[in-house]
Amino acid sequence: MINLLSSAPYTYLKQNMLRTGRFDNIEIENKTFPDGEHYWRIINPEQISGKPAVYICGTTDDAAIFEAYNMCCTLVREGCSELHLVIPYFGYSTMERAVKGGEAVTAKNIARLFSTIPVSPQGNHIYMVDLHSLGTQYYFEQNIHPVHLTTEPVIDRMIADIRHECGDVVLASADMGRAKWIEKMSNRLGIGGAYIMKKRLSGTETVVEALNADVNGCHVIIFDDMIRSGGSIINAARAYKSIGAKDIYVACVHGVLVDGAVEKLKASGVIKGVYCTNTHIRTQQIQDDFVKVYDMSEVILSGLKI
């Protein structure tokens, strides 16, 4: 059997995968000392030796990165035969390159850190899902083998569900950065595509500069790889509405949805619903039918190199 572990926030994905019967559940004890230091311990470490270990975690914040590194080093030390580190959401993904002098290329630094995890006898693998920048996978160095997974089957199901609700749709981009994705997806699904160009004014503000779309009288699905605050999506939705779009839906892989984002998207009055996968832990806190969350465990299960 394969040992399956997760950080506490990703227990929901671990539980979904355990239902397949392919894995042994391994629990982790964790606590925080009064001075802020963290403690982790694999319960029943004798079960680790000689077996493959799959560890699900995120790089959703600095603490999660530190935990992932510590737990992976511990799994190798306890004798796992092979290490499979699964990161459904790769945080800091937009910091994959420097655009100003003195900037830290955080995505690259995280990759370098994980590349220093001791090597298990049959090697270390790291799995990432629909990276914001595909080049990030090439930042990992010789001691770890990156695997890029796509949620395409889940996204296809999302779009099919929306089409079942409203009929024919046009698949639209939130910006030109995702235009190639939209073109590829729309061609594969046999639906129309629409594109938008925007200019970023700040970390939270954008303005639409140009549209290349025929959406008059059409239902529109705006697709993006992630939604954080929702501001860019709302601006794009308003732009499509201004040229005659009917109902507008939003679909994405990573529903980061920072505090207040769902409320802002809903209050905009231009978006009928949001569809996302459960790659990010914040999706588990949403208690609103406005957001429909899809499980992506099947993506992990089908992509594991075991």
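Just the heavy atoms: all of them, side chains too, but no hydrogens, waters or symmetry mates, feed the values below.
- In plain terms, the two heavy atoms of G303 and V147 that are nearest each other are O-CG1, 4.5 Å.
- Heavy atoms only, all atoms of each residue included: S297 and L13 are closest at OG-CD2, 3.5 Å.
- Side-chain contact between V105 and M95 is absent, with no heavy-atom pair separated by less than 4.5 Å.
- A 4.5 Å side-chain heavy-atom check between L301 and F23 finds at least one atom pair inside the cut-off.
- A donor-acceptor contact shorter than 3.5 Å links the side chain of Y10 to the backbone of T279.
- F140 has its ring centre no less than 6.0 Å from the ring centre of Y138.
- Formation of a donor-acceptor pair under 3.5 Å by the T277 side chain with backbone atoms of D295 is not found in this model.
- In E46, the CD atom is crowded: over 12 heavy atoms of neighbouring residues, nucleotides or ligands sit closer than 6.0 Å.
- Between the side chain of T59 and the backbone N or O of G91 there is at least one donor-acceptor pair closer than 3.5 Å.
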query = After noting the C-alpha distance and the side-chain angles of S229 and K264, does the key distance pass the side-chain contact (heavy atoms from CB on, under 4.5 Å) rule?
reply = CA-CA 8 Å; S229 67; K264 182 165 71 172; 3.9 Å; yes
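- A cation-pi arrangement is present between K31 and Y39 under the rule of less than 6.0 angstrom and at most 45 degrees off the ring axis.
- Taken to the nearest 0.5 Å, the CD1 atom of I248 stands 10.5 Å off from the CZ atom of R238.
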task = Could you check I227 against V274 for side-chain contact (heavy atoms from CB on, under 4.5 Å), going step by step and ending with a plain yes or no?
result = CA-CA 10 Å; I227 303 176; V274 174; 4.1 Å; yes
key: Residue pair Q137, M128: steps toward the side-chain contact (heavy atoms from CB on, under 4.5 Å) verdict   = CA-CA 8 Å; Q137 62 191 306; M128 297 156 290; 4.2 Å; yes
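- Rounding to the nearest 0.5 Å places CD1 of I42 at 9.0 Å from OH of Y55.
- The cluster map of Ile, Leu, Val, Met, Phe, Trp and Tyr, joined by side-chain heavy atoms under 4.5 Å apart, puts L149 and L4 in the same cluster.
- Counted within 6.0 Å of CG on D259, heavy atoms from surrounding residues, nucleotides or ligands total 12 or fewer; the atom is thus considered open.
- The closest donor-acceptor contact from the side chain of Q284 to the backbone of I281 lies at 3.5 Å or more, if one exists at all.
- With contacts defined as side-chain heavy-atom distances shorter than 4.5 Å, the pair V170/Y240 does not qualify.
- Residues V129 and I126 are members of separate hydrophobic clusters, defined by side-chain heavy-atom contacts under 4.5 angstrom among Ile, Leu, Val, Met, Phe, Trp and Tyr.
- D62 and Y92 share a side-chain donor-acceptor pair at under 3.5 Å.
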request  = For the pair L265 and L257, evaluate side-chain contact (heavy atoms from CB on, under 4.5 Å) and give the outcome as yes or no after the intermediate values.
outcome  = CA-CA 10 Å; L265 288 161; L257 298 169; 4.0 Å; yes
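- Dense packing is recorded around CD of E29, with more than 12 heavy atoms of other residues, nucleotides or ligands lying under 6.0 Å away.
- Scanning both residues, A237 and V270, for their nearest heavy atoms gives CB-CG2, 3.7 Å.
- In this structure, S232 OG and M226 CE are separated by 11.5 Å, a value rounded to the nearest 0.5 Å.
- Atom CD1 of I162 and atom NZ of K272 lie 11.0 Å apart (nearest 0.5 Å).
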request  = With ring pair (Phe, Tyr, Trp, His ring centres under 6.0 Å) as the test, would you mind laying out the steps for Y127 and H84 before giving the verdict?
outcome  = CA-CA 7 Å; Y127 302 80; H84 299 265; 5.8 Å; yes
query = Could you walk me through whether D24 and K51 pass the salt bridge (Lys or Arg N to Asp or Glu O under 4.0 Å) check?
reply = CA-CA 10 Å; D24 281 331; K51 295 181 181 179; 3.8 Å; yes
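- Tested against I28 for a side chain to side chain contact (heavy atoms under 4.5 Å, CB included), the candidates T11, L5, T74, I43 yield a single pass: L5.
- Of all the heavy atoms in C73 and P118, the pair that sits closest is SG-CD, 3.5 Å.
- Separation of atoms CG (N16) and CZ (R19) is listed at 4.5 Å; rounding is to 0.5 Å.
- Within the 4.5 Å cutoff, the side chain of D168 has no heavy atoms near those of the C218 side chain.
- Remark: Y89 pairs with H254, H280 by the ring pair (Phe, Tyr, Trp, His ring centres under 6.0 Å) rule, at least two apart or across chains.
- Transitive grouping of hydrophobic side chains (ILVMFWY, heavy atoms separated by less than 4.5 Å) keeps I300 and L83 in distinct clusters.
- Using a cutoff of 4.0 Å between basic side-chain nitrogens and carboxylate oxygens, E298 and R157 are scored as salt-bridged.
- Within the 3.5 Å criterion, the main-chain N or O of K100 finds a donor-acceptor partner in the side chain of E103.
- Atom CG of N124 is separated from atom CG of N143 by 7.5 Å, given to the nearest 0.5 angstrom.
- Counting only N and O atoms by type, the side chains of D130 and T151 include a donor and acceptor under 3.5 Å apart.
- Counting only heavy atoms from C-beta outward, the side chains of I234 and I271 approach each other to under 4.5 Å.
- The hydrophobic cluster containing Y275 also contains I182, counting ILVMFWY residues as joined when their side-chain heavy atoms lie under 4.5 angstrom apart, directly or transitively.
- Taking the side chain as every heavy atom from C-beta outward, C276 and V291 approach each other to under 4.5 Å.
- Judged by distance alone, the side chain of D61 and the main-chain N or O of A64 form a donor-acceptor pair under 3.5 Å.
- You'll find the side chain of V99 reaches within 4.5 Å of the side chain of R97, heavy atoms only.
- Within the 4.5 Å cutoff, the side chain of I306 has heavy atoms near those of the V54 side chain.
- Looking at every heavy atom in both residues, G192 comes nearest to S186 through O-CB, 3.8 Å.
- Residues that satisfy the side chain to side chain donor-acceptor pair (under 3.5 Å) test with T116, not counting sequence neighbours, are Y69.
- When the options K292, R163, E165, H219 are evaluated for a side chain to side chain donor-acceptor pair (under 3.5 Å) with Y249, the one that passes is E165.
- A pairwise comparison of heavy atoms in A104 and N109 identifies CB-ND2, 4.4 Å as the closest pair.
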task = Please test E96 against Y139 for side chain to side chain donor-acceptor pair (under 3.5 Å), starting from the C-alpha separation and ending with a verdict.
result = CA-CA 9 Å; E96 86 285 0; Y139 288 156; over 6 Å; no
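- If you run side chain to side chain donor-acceptor pair (under 3.5 Å) between H132 and each of D224, D225, T94, only D225 comes through.
- The hydrophobic cluster containing F114 does not contain V86, counting ILVMFWY residues as joined when their side-chain heavy atoms lie under 4.5 angstrom apart, directly or transitively.
- Around the NZ atom of K246, the shell of radius 6.0 Å holds no more than 12 heavy atoms that belong to other residues, nucleotides or ligands.
- With respect to K108 and E141, no salt bridge is recorded, no charged nitrogen being found less than 4.0 Å from a carboxylate O.
- For the salt bridge (charged side-chain N to carboxylate O under 4.0 Å, His left out) test, residues two or more places apart in sequence or in another chain that qualify with D156 are R188.
- Judged by distance alone, the side chain of N278 and the main-chain N or O of M296 form a donor-acceptor pair under 3.5 Å.
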